[in-house]
Amino acid sequence: MTTNNFLDEATARGFVFQCTDTDAVRAAMQAGPITAYIGFDCTADSLHVGSLVQIMILRLLQKHGHKPVVLLGGGTTRIGDPSGKDESRQMLTDETIATNMVGIRRCFTPFLRFGDAPSDAMLANNADWLDSLSYIGLLRDVGSHFTINRMLSFDSVKLRLDREQPLTFLEFNYMILQSYDFRELSRRHGVTLQIGGSDQWGNIVAGMELTRRTDAKSVYGLTTPLITTASGGKMGKTAQGAIWLTVDRLSAYDYWQFWRNTEDGDVGRFLRLFTDLPLSEIARLEALGGAEINEAKKILATEATSLAHGPELAAIAAETARRAFEEGEAAASLPTVIVPAADLEDGIPAFRLFTLAGLATSNAEARRLIRGGGARVNDVAVTDEGQSIGSDLLRDGAIKLSAGRKQHRLIKVE
């Protein structure tokens, strides 16, 4: 794969929102492999699909022969990025950040090839240089290149102030530290390109300017678009919570189901962003109409799950879904919820059980689901929201609950 095709394919797949100098980036890539980075703060012990665009563009970068750097924010997580936030983040302890960092590392190994070859990915931790900074030294070396006027003009700061939400002095420094990261990675590892979400534009530009002023070196920035669904919702947010990338936080089956439930209008776009399928094949799939679009959704689900969890778990998830949905079987590998045997002996009201199973976010939503005819127990419609569900409904040791046609759970006792 030639190194100068990255921008063409990234654009065709929908990864590119803004680029500081497309011609210069293209020229740098034509001259040979470059090194690019994306930063990830360690606010949880896993990433979710909201970070998947960033991971996939690093994967594409590596596919074209360039070197991706994953920068973990062991230092910046202590502050919290104010970009796109109305409130300050909760302060995390150093111990929690360290634990989260270990968990987040696992998210990248299925998608990127790590090692010592020129285009192999590498991990870096900005605590390695931020922890040793002295305050006065930072002010003299870096702070003198930032004006308050300029910082206030960037969206990451401006939007918070426009909404009359507090912005702490601690958060105000985030832009300076991210800029320092860019310069440090340029010096240590020859990084010439920073990639980030569209809300990171101001931080990226600030890092470019710092590197140019202090090191007389040209570096570049590229941002990816904010991904929303065709109906305007936020990507990866469901009634059951975030769609995590690690199997201990979300089963491969539920991950497969998330992609299978993609809206019709998103199928082509998500195939381009979240799979490695050729663009010609994606064009064929997104042109399918009527019921055939469901076949494209299954391909999307299997391809995306294969990347995150491996082909074997993806195939199991697809087969489980086929048996559960197309043959009506209560497959043993469906997501399982354990309830105390005594509770089931006494009987649990149907609306409560659907809430406990995660098929509704509240008792009120569960009642509405049942009243609307969307709830089934062992494939039989539930008409009474207060119906008692007891152990007499166990079939092969489990009770199958269904919300609509696509969401299923097994209730087992302990």
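Since we're looking at a predicted model, the values are computed, not measured.
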Side chain to side chain contact (heavy atoms under 4.5 Å, CB included) between Gln407 and Ser402, worked out: CA-CA 6 Å; Gln407 296 189 70; Ser402 303; over 6 Å; no
Steps toward salt bridge (charged side-chain N to carboxylate O under 4.0 Å, His left out) verdict (Arg368, Glu385): CA-CA 9 Å; Arg368 288 193 296 271; Glu385 60 197 53; over 6 Å; no
Pair Val49-Leu245, side chain to side chain contact (heavy atoms under 4.5 Å, CB included): steps then yes or no: CA-CA 7 Å; Val49 295; Leu245 298 182; 3.9 Å; yes
Check against side chain to side chain contact (heavy atoms under 4.5 Å, CB included), Ile399 and Leu344: CA-CA 10 Å; Ile399 299 173; Leu344 212 57; 4.0 Å; yes
Worked verdict on Ile316 versus Tyr253 for side chain to side chain contact (heavy atoms under 4.5 Å, CB included): CA-CA 8 Å; Ile316 292 171; Tyr253 175 84; over 6 Å; no
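Comment: Arg78 engages Asp131 in a salt bridge, judged by a side-chain N to carboxylate O separation of less than 4.0 angstrom. A salt bridge does not link Glu286 to Arg269: none of the charged side-chain nitrogens sits closer than 4.0 Å to a carboxylate oxygen. The pair Arg150-Glu209 meets the salt-bridge criterion, since a charged nitrogen lies less than 4.0 angstrom from a carboxylate oxygen. Ion pairing of Arg187 with Asp215 is present here, as a side-chain N (NZ or NE/NH1/NH2) and a carboxylate O approach within less than 4.0 Å. Ionic pairing of Glu281 and Arg284 is present here: one or more N-O contacts between side-chain nitrogen and carboxylate oxygen are shorter than 4.0 angstrom.
Gln54 and Thr224 are linked by a side-chain donor-acceptor pair at a separation below 3.5 angstrom, with hydrogens and angles left out of the test. Side-chain contact annotation: Asp41 with Tyr174, donor-acceptor N/O pair under 3.5 Å present. With hydrogens and angles left out, the side-chain atoms of Arg367 and Ser362 include no donor and acceptor closer than 3.5 Å. No donor-acceptor contact under 3.5 angstrom links the side chains of Gln200 and Gln194, judged on distance only.
Taken from OH in Tyr180 to OG1 in Thr211, the straight-line distance is 11.0 Å, to the nearest 0.5 Å. Expressed to the nearest 0.5 Å, how far CD1 of Ile389 lies from CG of Leu401 amounts to 7.5 Å. A distance of 6.5 Å separates CH2 of Trp256 from NZ of Lys298, quoted to the nearest 0.5 Å. To the nearest 0.5 Å, the span separating CZ on Arg352 from OG1 on Thr355 amounts to 8.5 Å. Separation of atoms OG1 (Thr262) and CD1 (Ile293) is listed at 10.0 Å; rounding is to 0.5 Å. Distance check: Ile204 CD1 to Ser198 OG gives 9.5 Å after rounding to the nearest 0.5 Å.
Using a 4.5 Å heavy-atom cutoff, the side chains of Val70 and Ile38 are not in contact. Using a 4.5 Å heavy-atom threshold, the side chains of Phe40 and Leu71 count as separate. Considering only heavy atoms from C-beta on, Val337 stays 4.5 Å or farther from Leu410 through its side chain. In this structure, the side chains of His48 and Leu250 stay at 4.5 Å or more apart for every pair of heavy atoms. For the pair Trp129 and Arg188, the minimum side-chain heavy-atom distance is below 4.5 Å. By the 4.5 Å heavy-atom criterion applied to side chains, Val25 and Leu222 are not counted as neighbours. When side chains are defined from C-beta on, Trp259 does not count as touching Lys297, because their heavy atoms never get closer than 4.5 Å. Side-chain atoms of Phe270 and Ile227, non-hydrogen and from C-beta on, do get closer than 4.5 Å to each other.
The side-chain contact (heavy atoms from CB on, under 4.5 Å) test with Tyr255 is passed by exactly one of Arg260, Arg249, His309: His309.
With Gln62 contributing its side chain and Ser119 its backbone, the two residues share a donor-acceptor pair below 3.5 Å. Not one N or O on the side chain of Ser46 forms a donor-acceptor pair closer than 3.5 Å with the backbone of Trp244. A donor-acceptor contact shorter than 3.5 Å is absent between the side chain of Thr109 and the backbone of Arg105. Side-chain atoms of Arg113 do not come within 3.5 Å of backbone N or O of Ala121 as any donor-acceptor pair. Without hydrogens or angle criteria, Asn261 side chain to Gln257 main chain gives a donor-acceptor distance under 3.5 Å. Under the 3.5 Å distance criterion, the side-chain polar atoms of Arg409 are left unmatched by any main-chain donor or acceptor of Pro335. No side-chain donor-acceptor contact under 3.5 Å links Asn203 to the backbone of Met175. Side chain of Thr96 to backbone of Leu92: no donor-acceptor contact under 3.5 angstrom is found. Of the possible polar contacts, none joining the Asp45 side chain to the Asn100 backbone as a donor-acceptor pair under 3.5 Å is found. A donor-acceptor pair is defined here as one N or O able to donate and one able to accept, closer than 3.5 Å; such a pair exists between the side chain of Asn378 and the backbone of Lys400.
The minimum heavy-atom distance linking Leu279 with Ala12 is given by the pair CD1-CB, 3.8 Å.
Residue pairs satisfying the ring pair (Phe, Tyr, Trp, His ring centres under 6.0 Å) criterion with at least one member in residues 181-219, sequence neighbours excluded, are listed as follows: Tyr37-Phe182.
Considering only residues two or more places apart in sequence or on other chains, Asp276 meets the side-chain hydrogen bond (donor to acceptor under 3.5 Å, both in side chains) condition with Arg59.
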